[in-house]
Amino acid sequence: MWAGVFPAVTTKFTADDRLDHAEMERCYGLQMEAGCDGIIVCGSLGEGPMLSPDEKIEVLKAAQKVAGKKPVLLTVNEPGTREAAAIAKRAAKEGADGLMVVPSPIYHTDPQETVAALRAVAEAGDLPVMIYSNRLAYRVDVTVDLMEELASDKRFVAIKESSDDIRRSTEIINRFGDRYDLFTGVDNLAFEALSVGAIGWVAGLVTAFPRETVAIYQLMQQVRRDEALAIYRWFRPLLDLDVSTYLVQNIKLAEVLAIGTNDRVRMPRQPLSGERRKAVEKIVRDALAMRPKLPPLQTSPRSTKQMVAAE
């Protein structure tokens, strides 16, 4: 169902802490212009847990305005299953193309609870679901065995694999073949995951560097590994900013320098300051000074899976 580069976009705020719809539409439009294949809103990078249900729907609508026919997914990351089911229903009503579902970020569910919660959200929304597996950030591991328990429900269509263990990608493919659309969710493991069979990339630094992200993905699909690797090696210091407690502030600061937006965040987060800000600014400015010239890309052919689905 899904493949390609899906930005986990940031949420933009005004100086008085309201949603900045115009700036979100401008920034999300840059992702579409660069050739991204979909948008995921209100995730960790989108400060989803800091948004009210009404605000989440507003961000969804901002993305839908610029996405055209490309899919827009809403992240479900509420602490309680009741609240998660409620926002899933609202997302479906508002025309979301799918959900990215996170196990409760507050209560660390056991395997039985994890499966039950994911099933409840999928049933409530009745939309295609990308399972977000991130044991480091959320301390709940959606293991390959749990994915097998969920595989009988066709609403579970994709995995955002963020376990930080590149071996997990191969384990998923070996167990399920193409039952799930496999996305990498760790920016500084993206090349490695695409090399072993991931068909998508839920990306973070793409919000500041969309064309470079799309180029790496497309070059890998075109079996132009060396060209992709050259860009990836340049990109790596930036991609490392995604794997941090301060990923939101890091990436929003990169956006300031690369696409001329702001780095307002919602409290308790605060924009980077002092030595930490200087360090991140140096990484971004150094990368901008050495920004590579991107090779021409072929028109991206649809995957066999997508062509079969279309027929």
Side-chain angles (χ1 to χ4, degrees), residues 1-9 31-32 34-40 43 67 69-73 75 97-101 127-134 142-144 147-148 150-151 153-206 210-229 231-232 235 239 242 297-311:
M1 176 169 287
W2 297 319
V5 176
F6 279 49
V9 292
Q31 305 298 301
M32 296 296 97
C36 293
D37 300 283
I39 297 177
I40 300 177
K69 295 182 179 180
K70 294 180 179 180
V72 179
L73 280 61
T75 306
D97 296 288
L99 306 170
M100 183 170 75
V101 182
L127 289 170
V129 171
M130 177 183 291
I131 301 167
Y132 186 6
S133 175
N134 188 335
V142 184
T143 64
V144 176
M147 294 174 197
E148 186 158 4
L150 296 166
D153 188 334
K154 293 182 179 179
R155 287 172 291 209
F156 294 106
V157 302
I159 306 293
K160 178 184 176 184
E161 164 45 33
S162 300
S163 71
D164 203 40
D165 182 352
I166 192 60
R167 292 170 295 190
R168 178 71 66 87
S169 295
T170 298
E171 290 165 7
I172 292 170
I173 294 169
N174 283 350
R175 181 81 66 96
F176 302 109
D178 64 355
R179 164 61 186 84
Y180 290 110
D181 297 333
L182 178 60
F183 281 65
T184 179
V186 181
D187 268 2
N188 62 5
L189 280 177
F191 181 87
E192 292 82 351
L194 293 170
S195 296
V196 298
I199 64 169
W201 180 358
V202 178
L205 267 298
V206 65
R211 296 191 182 280
E212 288 83 357
T213 307
V214 169
I216 291 170
Y217 178 82
Q218 293 294 349
L219 289 166
M220 291 297 287
Q221 299 309 300
Q222 295 165 21
V223 200
R224 297 163 65 183
R225 178 187 178 279
D226 290 347
E227 293 170 277
L229 183 57
I231 301 169
Y232 186 69
F235 213 175
L239 298 176
D242 181 56
L297 300 173
Q298 303 165 11
T299 302
S300 176
R302 291 184 299 171
S303 68
T304 302
K305 186 173 184 179
Q306 289 173 308
M307 288 189 285
V308 169
E311 292 170 357

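All heavy atoms count here, side chains included; hydrogens, waters and symmetry mates do not.
Using a 4.5 Å heavy-atom cutoff, the side chains of I131 and V101 are not in contact. Put simply, the side chain of S133 reaches to within 4.5 Å of the side chain of R168, judged on heavy atoms. Side chains of F235 and T213 form a contact here, defined as non-hydrogen atoms less than 4.5 Å apart. At a threshold of 4.5 Å between non-hydrogen side-chain atoms, the residues S169 and L182 count as touching. At least one side-chain heavy atom of F176 sits less than 4.5 Å from a side-chain heavy atom of V144.
Side-chain atoms of K70 come within 3.5 Å of backbone atoms of C36 as a donor-acceptor pair (strictly under, hydrogens ignored).
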For residues 192-202, dump all side-chain donor-acceptor pairs below 3.5 Å to protein atoms at least two apart in sequence or in another chain.
from, atom 1, to, atom 2, distance (Å)
E192, OE1, Y232, OH, 2.8
S195, OG, F191, O, 2.7
W201, NE1, D187, OD1, 3.0

CA sep, side-chain torsions, deciding dist, call: I40, M130, side-chain contact (heavy atoms from CB on, under 4.5 Å)
CA-CA 10 Å; I40 300 177; M130 177 183 291; 4.2 Å; yes
Between L73 and T75, is a side-chain contact (heavy atoms from CB on, under 4.5 Å) present by the stated rule, with each step listed?
CA-CA 6 Å; L73 280 61; T75 306; over 6 Å; no
Starting from the C-alpha separation in whole Å, work towards a yes-or-no answer on side-chain contact (heavy atoms from CB on, under 4.5 Å) for D164 and L189.
CA-CA 8 Å; D164 203 40; L189 280 177; 3.7 Å; yes
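To the nearest 0.5 Å, atoms CD (E171) and CD1 (I166) are separated by 10.5 Å. Taken to the nearest 0.5 Å, the CE atom of M147 stands 3.5 Å off from the CD1 atom of I172.
Residue L297 comes nearest to A215 through the heavy atom pair CD1-CA, 4.0 Å, listed as atom of the first residue, atom of the second, then distance.
Taking the centre and axis of the six-membered ring of F183, the NZ or CZ atom of K160 falls outside the cone set by 45° and 6.0 Å.
The salt bridge (charged side-chain N to carboxylate O under 4.0 Å, His left out) search around R175 returns D145, E148, not counting sequence neighbours.
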